[in-house]
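All heavy atoms count here, side chains included; hydrogens, waters and symmetry mates do not.
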Amino acid sequence: VDSLDDAGKAELYRKLRWFARGLAMRNPLVAAKPIVFMERRRFACQMLHEYLAYFHEGMEGGGVFLLKEPGKSMEVKDLVGGRLPPGSYTTLAMSYDAKTMWFAFAEKDKPKTDFYAPKPGCSYFHIYAMEVDGGNLRQVTDGPADDFDPCELPDGGMAFMSWRRGAGFIRCSNPWEPIPAYTLHRMDRDGKNVRTLSFHETNEWHPTVLNDGRIAYIRWDYVDRSAANFHGIWTCNPDGSNPASLFGNYTAKINACYQPRAIPGSEKILFVAGAHHADVGGCLVMLDPKRVKLDAAGGEDRLDAVEVITPEVRFPETSKDWGKSYFHGAWPLSEDYYLVGFSFDGLPGGPGGKKDETGIYYLDRWGNMELLYRKPGIASMYPIPVEGRARPGVIASMLDRNLGEEGEFMVADVRRSFLGLPTDRRVKELRVWQVLPKTTHIANDPKIGHANAESARMLLGTVPVEVDGSAYFRAPARKPVYFQAVDELGMAVQTMRSITYLQPGERRGCVGCHEPGNSVVESRGTLAMKRGVSRIEVGPDGTRPFSYVRLVQPILDQQCVRCHEAQKSGVVLTGGEVEKNGFTKSYNAMRKYVRWYEWGGESIDQAVTRPGHGGASDSRLLSVLGDGNHQEVKLSDEERRRLYIWLDGNVPFYGTYGKEEQEAQRRGVAVAEPRVQ
């Protein structure tokens, strides 16, 4: 080589590259197999809203294409062929028998969409189907809602994402982008019998089927913690039962997980490690679910279970350097070989991401990458080989219709906790909280309490925990709920910062309270199961929904106001008068005496909940009001427990987002429980 001039070296390099390419293209997993893919234009957004509203910005263009001879020719066939009007395309999928394709399409808007009251003529993403040769193009869904992310299920139905449930907006949006919460749904192949599978109160996307028949999908999961992290991989059964976190619910090391895909013949999952504040794209990684563990010190998901396939590409948004390239829409052929979308440019929406142009490539785990198709000025994405796949087995539904609109939770032992519950505080009961979907679309408008980007909630009530740590109780279905393990004094020992829910007729069991992953219930009877199912016991006035004026202010009026007014202490604890921030003087005065969880620096902990810590345990208020220590104030057991509920409930002032309802709550009027699904 040293004897060659520059031209000779260049010629030798070309020969070596063609030789390597020839070897790669002879791989039987890709050789002589046509590929379908999508061309599309994405709006370079600063948040993951690429599926909704960006087509109103005129981001039209694209289609579905067939690459006839990958690796030999870039000749393609336009499968849509001008049969749809100008608009936007997204999320391509194929049936197991490789005969049918599905995708989402939205016609270019004429009037501006109003998410509060959809108008005639507004366009939305709807799911379309056609045969793999382009025949029988048809619209599958319709109506005033965005439907996208189609995915065939083993039983022949279709999973997809939609905001047709009509419950809630994301919590951190801006005035110009009212983005509704879209969650997991299912339907028949012809679009009939649509049913909501997920009752999560913020956004979800990217459903896919694992090799064991479960649905894997991404959940934007945050209750009283960061809205810019924790886009983890979740799973559920095809009937929506048993939603469970698989990976990423407790890690900031990967900012967001996207586009999970089961690897043929493997339990492993390929996904894209991406960013929150950008379009979908990032580093390609492989997850081994059997190795998922939490870090004992930090409480976050360790990366031991993740193999980085493309180490030259950064995890975007985990540092200032986002890198200069990204992957999108990977299709695993095996653990070693993949079809991918890839860009040599920065991620759109992130630093340096000024355009969205990706090509279709063949990639192996050793870093060899070969171009299959690229068209300047547009994103080529979602490569899928035209080849039948093994259909996973169908998971039979176990829902019991006799339970009606309810279900049952069974906990074997709340003491089973990864971080370890305090041994000196016996868990006596579980609080059952319902998170209420946000009905307004601007961040902190209105504010619910001291916490940043907080969600409204209500306490459904409590259920008993037996001396062996077991609990068995009935709960309403279709409601996003979370639990708190509460000690004999009425203080929370451990708190969920996520949600779960029941399908009607579902019986759901768990090992413990934030138990270690892959835990199994011992084969033994529990006291709770022996004594029969419990009913939720409703909490005190002012908890359904939350109302500071009804729950807390009466205690201050009885115990505190008289002395504070007489002594002019400066800590005004009278109610009634509302200050500029929308809260009463007493609520504002107690801010420095209380602690809460939030997305921000004032949080007790931004990521995880440490056992033994919480609003009641960590707030100064209770030490100030210790028996006889503060002007001989002695709270009754009932008063103390009411304060514990408020403190552990994240010290909210309001329990609703509506202006009229909040005004009623300021006046101490009890408002009706919101009726949401």
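- The two residues Val223 and Arg497 make their nearest non-hydrogen contact at O-CB, 3.3 Å.
- The CG atom of Leu347 sits 12.0 Å away from the SG atom of Cys283 when rounded to the nearest 0.5 Å.
- No more than 12 heavy atoms of other residues, nucleotides or ligands shown are found within 6.0 angstrom of CD on Glu267.
- When Thr358, Asp356, Asp345 are each tested for a side-chain hydrogen bond (donor to acceptor under 3.5 Å, both in side chains) with Tyr326, only one passes: Asp356.
- Counting heavy atoms from C-beta on, the side chains of Tyr217 and Pro243 come closer than 4.5 Å.
- The shortest heavy-atom contact between Val30 and Ala24 is CG1-O, 4.0 Å.
- By the 4.5 Å heavy-atom criterion applied to side chains, Val209 and Cys151 are counted as neighbours.
- Donor-acceptor pairing under 3.5 Å is lacking for the side chains of Tyr501 and Glu201.
- Inter-residue side-chain proximity for Val36 and Val132 is flagged as met; some heavy-atom pair is nearer than 4.5 Å.
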**Request:** Please lay out, stage by stage, how Met101 and Met94 fare under the test side chain to side chain contact (heavy atoms under 4.5 Å, CB included).
**Result:** CA-CA 4 Å; Met101 293 181 297; Met94 182 182 284; 4.2 Å; yes
**Message:** Under the criterion side chain to side chain contact (heavy atoms under 4.5 Å, CB included), I'd like the reasoning laid out for Glu39 against Asp78: C-alpha separation, chi angles, the key distance, then a yes or no.
**Reply:** CA-CA 10 Å; Glu39 287 184 357; Asp78 184 349; over 6 Å; no
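- Taking the six-membered ring where the residue is Trp, His276 and Trp220 present perpendicular rings, their angle passing 60° and hence far from 30°.
- Under the 3.5 Å distance criterion, the side-chain polar atoms of Thr141 are matched with a main-chain donor or acceptor of Ile127.
- One N or O on the side chain of Arg186 and one on the backbone of Pro238 form a donor-acceptor pair closer than 3.5 Å.
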**Message:** Working note: Leu246 + Ile269, criterion side chain to side chain contact (heavy atoms under 4.5 Å, CB included); need CA distance, chi angles, decisive distance, verdict.
**Reply:** CA-CA 11 Å; Leu246 185 65; Ile269 300 167; 3.5 Å; yes
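- Between the CG atom in Leu339 and the CZ atom in Arg261 there is a gap of 11.0 Å [rounded to 0.5 Å].
- Salt bridge Glu454/Lys438: absent, no basic N to carboxylate O contact under 4.0 Å.
- Here CG of Leu284 is found 10.5 Å from CZ of Arg365. Values are rounded to the nearest 0.5 Å.
- Under 3.5 Å, the side chains of Asp239 and Ser241 contain a donor-acceptor pair of N or O atoms.
- Remark: the backbone N or O of His277 is paired with a side-chain donor or acceptor of Glu317 at under 3.5 angstrom.
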**Item:** Test salt bridge (Lys or Arg N to Asp or Glu O under 4.0 Å) applied to Lys324 and Glu312, step by step
**Value:** CA-CA 10 Å; Lys324 298 180 180 179; Glu312 71 280 4; over 6 Å; no
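- Inter-residue side-chain proximity for Phe230 and Ser226 is flagged as met; some heavy-atom pair is nearer than 4.5 Å.
- Looking only at atom types and distance, the side chain of Ser162 has a donor-acceptor partner in the side chain of Asp147 under 3.5 Å away.
- Proximity of Phe315 to Val285: side-chain heavy atoms (C-beta onward) are separated by under 4.5 Å at one or more points.
- Under the 30°/60° scheme for interplanar angles, the aromatic rings of Phe342 and Phe344 are found to stand perpendicular.
- Using a 4.5 Å heavy-atom cutoff, the side chains of Pro150 and Tyr128 are not in contact.
- Between Arg83 and Met130, some side-chain heavy-atom pair lies under the 4.5 Å cut-off.
- Partner of His185 under the ring-ring contact (aromatic ring centres under 6.0 Å, His included) criterion, out of Phe160, Trp163, Phe148: Phe160 alone.
- Residues Gln259 and Val272 come closest through the heavy atom pair OE1-CG2, 3.7 Å.
- Rounding to the nearest 0.5 Å places CE of Met286 at 11.0 Å from OG1 of Thr310.
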**Request:** Determine, step by step, whether Leu67 and Val76 satisfy the side chain to side chain contact (heavy atoms under 4.5 Å, CB included) criterion, reporting the C-alpha distance in whole Å, the side-chain angles of both residues, the deciding distance to 0.1 Å, and the verdict.
**Result:** CA-CA 5 Å; Leu67 182 60; Val76 298; 3.8 Å; yes
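- Looking only at distances, no side-chain donor or acceptor of Glu152 sits under 3.5 Å from a matching main-chain atom of Pro154.
- Side-chain contact annotation: Asp321 with Ser319, donor-acceptor N/O pair under 3.5 Å absent.
- Looking only at distances, no side-chain donor or acceptor of Arg374 sits under 3.5 Å from a matching main-chain atom of Met74.
- Ring centroid separation for the pair Phe105 and Tyr89 comes in under the 6.0 Å cut-off.
- Rounding to the nearest 0.5 Å gives a distance of 10.5 Å between CE of Met38 and CE of Met381.
- In this structure, Tyr258 contributes its side chain and Ala275 its backbone to a donor-acceptor pair below 3.5 Å.
- Counting all heavy atoms, side chain and backbone alike, Asp605 lies closest to Ser603 at O-OG, 2.9 Å.
- A side-chain donor-acceptor contact under 3.5 Å links Asp364 to the backbone of Trp366.
- In this structure, Phe247 CZ and Arg302 CZ are separated by 11.5 Å, a value rounded to the nearest 0.5 Å.
- The heavy-atom pair separating Asn211 from Pro392 by the smallest distance is O-CB, 3.7 Å.
- For Thr440 (side chain) and Asp445 (main-chain N/O), a donor-acceptor pair under 3.5 Å exists by modelled atom type.
- Side-chain atoms of Lys268 and Asp288, non-hydrogen and from C-beta on, do get closer than 4.5 Å to each other.
- Side-chain atoms of Asp149 come within 3.5 Å of backbone atoms of His206 as a donor-acceptor pair (strictly under, hydrogens ignored).
- The backbone N or O of Thr196 lies less than 3.5 Å from no partner atom in the side chain of Arg164, so there is not a single donor-acceptor pair.
- Taking each heavy atom of Ser455 and Val435 in turn, the nearest pair found is OG-CG1, 3.6 Å.
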